[in-house]
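In this text the structure is predicted, and so the values were computed from the model without any measurement. To find a chain, count down the sequence lines: A is the first, B the second, and so on, and within it residues start at 1.
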Protein chains: 2
Amino acid sequence: MPQNRITDDGQSDRPRRELPLSLVIHQLSLKIDAQGRALVARHSDLTLPQWRVIRVIGLEAPDGSTALRKLMGFDKSQFSKTVNQLRARGLLTVSAHPEDGRQLQLSLTEAGRAVLDRLGPVLDARNDLFLQALAPEELKVIRSALSKLGRAAEITDFSKGDDE
Amino acid sequence: MPQNRITDDGQSDRPRRELPLSLVIHQLSLKIDAQGRALVARHSDLTLPQWRVIRVIGLEAPDGSTALRKLMGFDKSQFSKTVNQLRARGLLTVSAHPEDGRQLQLSLTEAGRAVLDRLGPVLDARNDLFLQALAPEELKVIRSALSKLGRAAEITDFSKGDDE
DNA sequence: CGAATAAGGTTGACTTGTCCACCAAATCGG
DNA sequence: CCGATTTGGTGGACAAGTCAACCTTATTCG
């Protein structure tokens with residue numbers, strides 16, 4: 001067995017430096033998205049971003065496109081394209097916002113609600129598997145930890161010794 | 001103030017259903033990557049994937065391209081392209097693997113090490129900010145939690161009632 | 001009140017990541 | 001030993017996300 005063998009699960013005998021948390025989270029996100037893509041593809045012909053828009057509209061009725069987009073953390077451009085894809089497929093209706101001419105009012109069509117009803121339980125079950133995979137002390141702090149990391153990731157002014 | 005106002009930071013007065021963990025992690029990953037991209041761009045003309053390859057080679061000397069690729073969690077195709085970009089820029093040398101004709105042996109050039117020396121501290125400082133943002137009980141379990149989620153995301157057989 | 005600024009959506013171009021076919025090398029099993 | 005299977009890298013096509021310019025609408029400020 002050669003020295004310095006690296007296994008995928010990090011369970012190698014010799015301690016090695018940990019990967020940066022940013023890379024770990026990136027890898028995790030790619031795995032979760034790949035799994036989500038496979039599940040959504042198995043049950044529909046939606047893309048993952050399209051499913052996400054439907055899913056979050058179903059979680060709560062947004063009072064405008066801006067609130068929905070910001071809640072979902074989508075880029076303006078990507079949100080626009082995904083919403084238009086869903087409108088073109090007949091899963092979403094788009095109308096003018098009653099108070100703000102810049103915004104859109106979005107709602108699911110019956111076909112959109114049907115997709116939500118069909119896929120919702122599947123993806124909820126996967127989410128439950130994620131939660132069940134965690135120990136109680138992990139489950140207790142995971143969301144607050146991710147939230148704090150998110151805020152730390154929004155810092156753009158690294159004035160601490162940066163040669164800007 | 002209209003009812004059902006949604007704020008970005010989730011600190012709204014009324015409780016609302018939480019976003020699925022998968023979407024939260026996806027959003028977090030995008031924010032972290034955007035910040036990383038900005039930092040890397042400020043200090044070099046590398047892309048984030050290119051920086052990541054250099055960074056992980058610097059963390060430990062891999063015994064072949066396969067071990068490095070798997071450690072980093074890169075797609076085969078993306079890894080190949082990024083390695084070739086780095087070779088073309090003179091930051092990486094690529095040679096034949098001594099034992100396995102399928103694999104490559106990768107090492108940083110002097111220019112590659114110089115980039116690593118210049119950017120390493122910047123990105124390490126950011127990683128430290130992430131760790132410092134977390135409370136002790138969050139820091140204690142974050143890696144094990146992410147690791148468990150990663151394993152749960154590798155499940156491909158959802159035979160529990162799926163209409164396959 | 002009007003100019004300046006900011007916010008929201010669209011579109012095209014680009015970056016990053018995925019998928020797949022192909023080929024070569026390694027491994028496995030009869 | 002040899003055929004079958006698996007693994008690793010390449011390259012093209014495509015999906016997902018980002019960036020920036022532009023236009024419209026709303027807000028801010030003097």
Side-chain angles (χ1 to χ4, degrees), chain A residues 6 8 22-23 25-38 40-41 45-53 62-88 92 94-106 156, chain B residues 8 22-23 26-38 40-41 45-53 62-88 92 94-106 156:
Chain A
I6 300 168
D8 286 337
S22 57
L23 182 52
I25 290 170
H26 179 79
Q27 286 179 8
L28 173 60
S29 177
L30 296 185
K31 283 180 181 176
I32 292 177
D33 287 357
Q35 190 190 51
R37 223 173 2 262
V40 167
D45 58 351
L46 292 174
T47 65
L48 188 56
Q50 288 170 357
W51 160 248
R52 282 177 167 145
V53 171
D63 66 353
S65 50
T66 302
L68 179 66
R69 173 173 59 77
K70 289 183 171 179
L71 176 60
M72 300 188 61
F74 265 47
D75 172 78
K76 289 196 296 177
S77 167
Q78 188 195 15
F79 186 74
S80 173
K81 287 167 182 171
T82 307
V83 162
N84 285 330
Q85 286 165 7
L86 289 170
R87 172 167 61 179
L92 208 59
V94 180
S95 54
H97 193 276
E99 298 161 17
D100 188 340
R102 293 170 300 179
Q103 292 195 56
L104 308 171
Q105 199 78 339
L106 306 173
T156 56
Chain B
D8 289 336
S22 58
L23 183 53
H26 179 79
Q27 287 181 6
L28 173 60
S29 177
L30 295 185
K31 283 180 180 176
I32 292 177
D33 287 357
Q35 190 189 50
R37 221 174 3 263
V40 166
D45 58 352
L46 292 174
T47 66
L48 189 56
Q50 289 169 356
W51 160 248
R52 283 177 167 147
V53 171
D63 64 354
S65 48
T66 302
L68 179 66
R69 172 174 59 78
K70 287 183 171 179
L71 176 61
M72 300 189 61
F74 265 48
D75 171 79
K76 289 196 294 176
S77 170
Q78 187 196 15
F79 186 74
S80 173
K81 289 165 182 170
T82 308
V83 161
N84 286 329
Q85 286 166 6
L86 290 169
R87 172 167 62 178
L92 209 58
V94 180
S95 54
H97 193 276
E99 297 162 19
D100 188 340
R102 294 168 299 180
Q103 293 194 56
L104 309 170
Q105 199 80 339
L106 307 173
T156 55

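Annotation: side-chain contact (heavy atoms from CB on, under 4.5 Å) contacts of A:Gln27 (sequence neighbours excluded): A:Leu19, A:Leu23. Legend: residues meeting side chain to side chain donor-acceptor pair (under 3.5 Å) with A:Ser80, ordered by chain and number and at least two apart, are absent. Take B:Asp33 and apply the side-chain contact (heavy atoms from CB on, under 4.5 Å) test, not counting sequence neighbours, and it matches A:His26, B:Ser29, B:Arg37, B:Leu48, B:Arg52. The side-chain contact (heavy atoms from CB on, under 4.5 Å) search around B:Arg87 returns B:Asn84, B:Val94, not counting sequence neighbours.
Using a 4.0 Å heavy-atom cutoff across all strands shown, A:Thr47 reaches sugar-phosphate atoms only and no base atom. As judged by a 4.0 angstrom heavy-atom cut-off over every strand, A:His26 is placed among residues touching the sugar-phosphate backbone only.
A straight line from CD of B:Gln50 to P of C:dT15 spans 11 Å, rounded to a whole angstrom. Remark: C1' of D:dT10 and CZ of B:Arg69 are 12 Å apart, rounded to the nearest angstrom. D:dC19 atom C1' lies 19 Å from atom CZ of A:Phe79, rounded to whole Å. Rounded to whole Å, atom P of D:dG8 lies 12 Å from atom CG of B:Leu104. Atoms CG (A:Asp63) and P (C:dG8) sit 12 Å apart, rounded to a whole Å. For the pair B:Asn84 CG and D:dG8 P, the interatomic distance rounds to 17 Å; values are reported in whole Å. When the C1' atom of D:dA16 is taken as reference, atom CE of A:Met72 falls 13 Å away, rounded to whole Å. Across the protein-nucleic acid pair, B:Gln103 atom CD and D:dT10 atom C1' stand 15 Å apart, rounded to whole Å.
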Distance-only criterion, 3.5 Å: show the donor-acceptor pairs between side-chain atoms of residues 72-79 of chain B and protein atoms not counting sequence neighbours.
residue, atom, partner, partner atom, Å
B:Asp75, OD2, B:Ser77, N, 3.0
B:Asp75, OD2, B:Gln78, N, 3.2
B:Ser77, OG, B:Lys81, NZ, 3.4

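The shortest distance between the side-chain N/O atoms of A:Arg52 and the OP1/OP2 oxygens of D:dG17 is below 4.0 Å.
The two atoms that bring A:Asp63 and A:His97 nearest to each other are O-NE2, 2.8 Å, heavy atoms only. Considering every non-hydrogen atom in both B:Leu46 and B:Val40, the closest pair reads O-CG1, 3.4 Å.
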Nucleotide by nucleotide, nucleotides 18-29 of chain C touches protein heavy atoms under 4.0 Å in the pattern (B base, S sugar-phosphate only, - none) BB-----BS---

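Of the two residues contacting DNA chain D, namely B:Arg87 and A:Leu48, the nearest-nucleotide position lying further toward the 5' end is that of B:Arg87.
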